[in-house]
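Inspection log for the structure reproduced underneath, given as structure tokens.
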2 protein chains.
Amino acid sequence: MKKSATIYDISEKLNISAATVSRALNDHPKISQKTKELVMKAAKELNYKQNTLAQALKSGKTNNIGIIVPYINTNFFSSLIRGIEEELSPHGYHVIICQSHEDVDLERKQLNTLLNAQVDGIFMSVSKTTEDISHIEAAKESNTPIIFFDRKKDIAGISTVTIDDYKGGYLATEHLIKQGCRRICHLSGDLRLEIYQNRYNGYIDALKDNKLTFKEEYVFPIKSSIEDGVEAIKTLWNLSSPPDGIFSASDYAALGACQQLKKKNISIPEDVAIIGFSNEPFTQYMELPISSVDQTPDIMGKISAQVFLEYMNENFSGISIEKKVVLNPQIHIRKSSKRK
Amino acid sequence: MKKSATIYDISEKLNISAATVSRALNDHPKISQKTKELVMKAAKELNYKQNTLAQALKSGKTNNIGIIVPYINTNFFSSLIRGIEEELSPHGYHVIICQSHEDVDLERKQLNTLLNAQVDGIFMSVSKTTEDISHIEAAKESNTPIIFFDRKKDIAGISTVTIDDYKGGYLATEHLIKQGCRRICHLSGDLRLEIYQNRYNGYIDALKDNKLTFKEEYVFPIKSSIEDGVEAIKTLWNLSSPPDGIFSASDYAALGACQQLKKKNISIPEDVAIIGFSNEPFTQYMELPISSVDQTPDIMGKISAQVFLEYMNENFSGISIEKKVVLNPQIHIRKSSKRK
DNA sequence: TTGTAAGCGTTATCAC
DNA sequence: GTGATAACGCTTACAA
């Protein structure tokens, strides 16, 4: 293992002190131009690479940030991570990714190893099983800034970047009503998570505001899979008066619903109008494109990163403001719900 | 900024040396059980967290690995990264992700910052514009293990994990021939990349082995977009004898082709059979599901990680073997190419 | 403008 | 079993 050159190797070669080398490398104003040039040249020759580790130990700043998500390979989270990376990379940060697998124990472990690794900040979207939040509160004590995106918990002092899921649910439902739907059902996600609860609340209020009665039997719990959408149709079409509109909290369940309805020869959107949530890429590729509510994960990622950068600046000057950014959901109307 | 406890805080509290504390924490065999217990208890009380940074500086091992991909938010790369993370996380590694945006200059920069950050290993898939590979060869000199996955370059001493793209192209083409296709065209990817060149070669050889003549005009270059697939059909259907089979190096172009053919009222698979590449999730969701060649990115990620772990062990004992793992592509036959 | 020396938090090598 | 000390590579008062 050939070890790489250090500032001492440069200092020896040039017969100057390591401190001077360090300063020259950092473009310190009080170092003569000539010395700087000499140092730069020697650095090139020796193939010197800054050891950011030593620098980090000294300064207490690693220039690493950590992200914890349930799974990285979904369109939503990977787009979000891309947004964060692209915003932070130009500022010299490296992005460490961790998966919680929707498991609070793993989430806790990941959070702690990130803290041990001295990351400068942590971005996270909590798992479905995160009810006890003591690990996050403990992490807050370490003074490492934490930022929640999408799936948040209410903890004083922690900034959040989310979309207005309530509004998303409201707009989607209202859209179906405007298309003439009167018996609208909701395929609801895991209500332990705020985001799904909010979409549900938006659905309920849109019904209410339009004088439509809410029916318990029109709410079908799903797990964001195609199969669940299929099941939903099977169950709902056993009712005395089946729905004429479907607002699904998941695009996958919406897809399953479409498939099953087609099997039953029920036409979309004439007999049943459908709208999903997340604007998964596939929704627009279908022969029958599916309407959906876009969460703009790329923007959410970029904004989260900006909130972090602002925090780093504020904190530098001693101030620190908790931010709660709420983005507007973008509704995409496609064939599955457009009756004209 | 409340700074966290160090081994010195523990050593003061217990009136023992920091060295002893360190040894107790690391379960050194020569430390008495009583001391260990005392130290553990004090560590808990002081909320001591191991500073992995200091440890890394001392040991030269950061337990971080870096991944460089063109973009993280594609199904292929995000699944691959997931595979690497899940294999390496249990071994205590953190995964840093970087994007090259298909730009060799950015790739070089990312590679160098990863090296500066002293990562223990680098996984990369080269960008489309990577022709000069001097930055990778220079990185090799640092003795940081590098592993190519999917998009590789031939560099002595660097292990690679890829799928057999040649075989993928061959099997896909052969499948079309078995379905009765005689005029098979190929929507080819960027031939600067080995993977696309190999798929192309597989196509050519399958034609040859089945006594079908290769026609230059049946090869249409694409950029993995839906629009390119649409364009391909427009152009190819101007030929005196248009194709009756399409092997696309990209699922997106295959989708575009399907859309355009439908517009022209040409039936799939009866008039034209189509098969794509990558097995993007959407291919199976379509009303007309599209056949495709699966690159099994999850497996590719896990194997890449294993190659890295093996290297770390071998290197420990002074040996080091260059590995070239080639995975078998999995062909998924769906409606778009199944004539029965 | 440059040099000296201390320190960031660990761990490894000697001692005892 | 445990303690003292040096070292990992860098930055930064304080001196000169």
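Everything numeric in this text was worked out from a predicted model, so none of it was measured. In what follows, chains are A, B, ... by sequence order, proteins preceding strands, each numbered from 1.
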Nearest-nucleotide pick for A:T35, side chain only, options being C:dT11, C:dT2, D:dT2: C:dT2
Touch class at under 4.0 angstrom, heavy-atom based, for B:L53 against every strand present: nothing
Between C:dT11 (P) and B:N63 (CG): distance, integer Å: 12 Å
C:dT4 OP1/OP2 closer than 4.0 Å to side-chain N/O of A:S17: no
Qualifying residue for ring-ring contact (aromatic ring centres under 6.0 Å, His included) with B:F123, from B:Y311, B:F308, B:Y93: B:F308
Gap between atoms CD1 and C1', on B:I10 and D:dT2 respectively (whole Å): 16 Å
Rounded interatomic separation in angstrom, taking CG from B:L38 and P from D:dG1: 16 Å
Value in whole Å for how far the P atom of C:dT1 lies from NZ of A:K34: 12 Å
B:V307 versus B:K323, closest heavy-atom pair with distance: CG1-CB, 4.4 Å
5' precedence on DNA chain D between A:K58 and B:V21 (nearest-nucleotide basis): B:V21
hbond_proxy A:Y8 side chain to D:dC10 base (donor-acceptor, 3.5 Å cutoff): yes
Backbone of A:K109 reached by a side-chain donor or acceptor of A:N112 within 3.5 Å: no
Where B:A117 and B:T62 come nearest, the two heavy atoms and their spacing: O-CG2, 3.8 Å
Side-chain N or O of B:S22 closer than 4.0 Å to phosphate OP1/OP2 of C:dT11: yes
Atom pair distance, as rounded to whole Å: CD1 in A:I31 and P in D:dT11: 13 Å
Test: A:R151 and A:E102 ion pair at under 4.0 Å: yes
Sugar-phosphate, base or nothing in reach of A:T6, heavy atoms under 4.0 Å: sugar-phosphate
Under 4.0 angstrom between B:Q55 side-chain N/O and C:dT11 OP1 or OP2: yes
Among C:dT10, D:dG9, C:dT1, the nucleotide that comes nearest once only the side chain of A:A54 is considered: D:dG9
side-chain hydrogen bond (donor to acceptor under 3.5 Å, both in side chains) partner of B:H94, the single match among A:N116, A:T113, A:N64: A:T113
B:K49 NZ - C:dG9 C1' separation (whole Å): 16 Å
Among D:dT11, D:dT2, C:dT10, the nucleotide that comes nearest once only the side chain of A:I7 is considered: D:dT11
d(CG, A:N26; P, C:dT1) in whole Å: 17 Å
A:Y48, nearest nucleotide to its side chain (from C:dT10, D:dT2, D:dC10): D:dC10
Shortest side-chain distance from B:S32, nucleotide among C:dT2, D:dG1, D:dC10: D:dG1
A:L57, nearest nucleotide to its side chain (from D:dC10, D:dG1, C:dC8): C:dC8
Closest listed nucleotide, where the reference is the side chain of A:A19 and the choices are D:dA4, D:dT12, D:dC8: D:dT12
Rounded distance in Å - CG (B:L25) to C1' (C:dT11): 12 Å
Side chain of B:R23 - closest among C:dT13, C:dT10, D:dG9: C:dT13
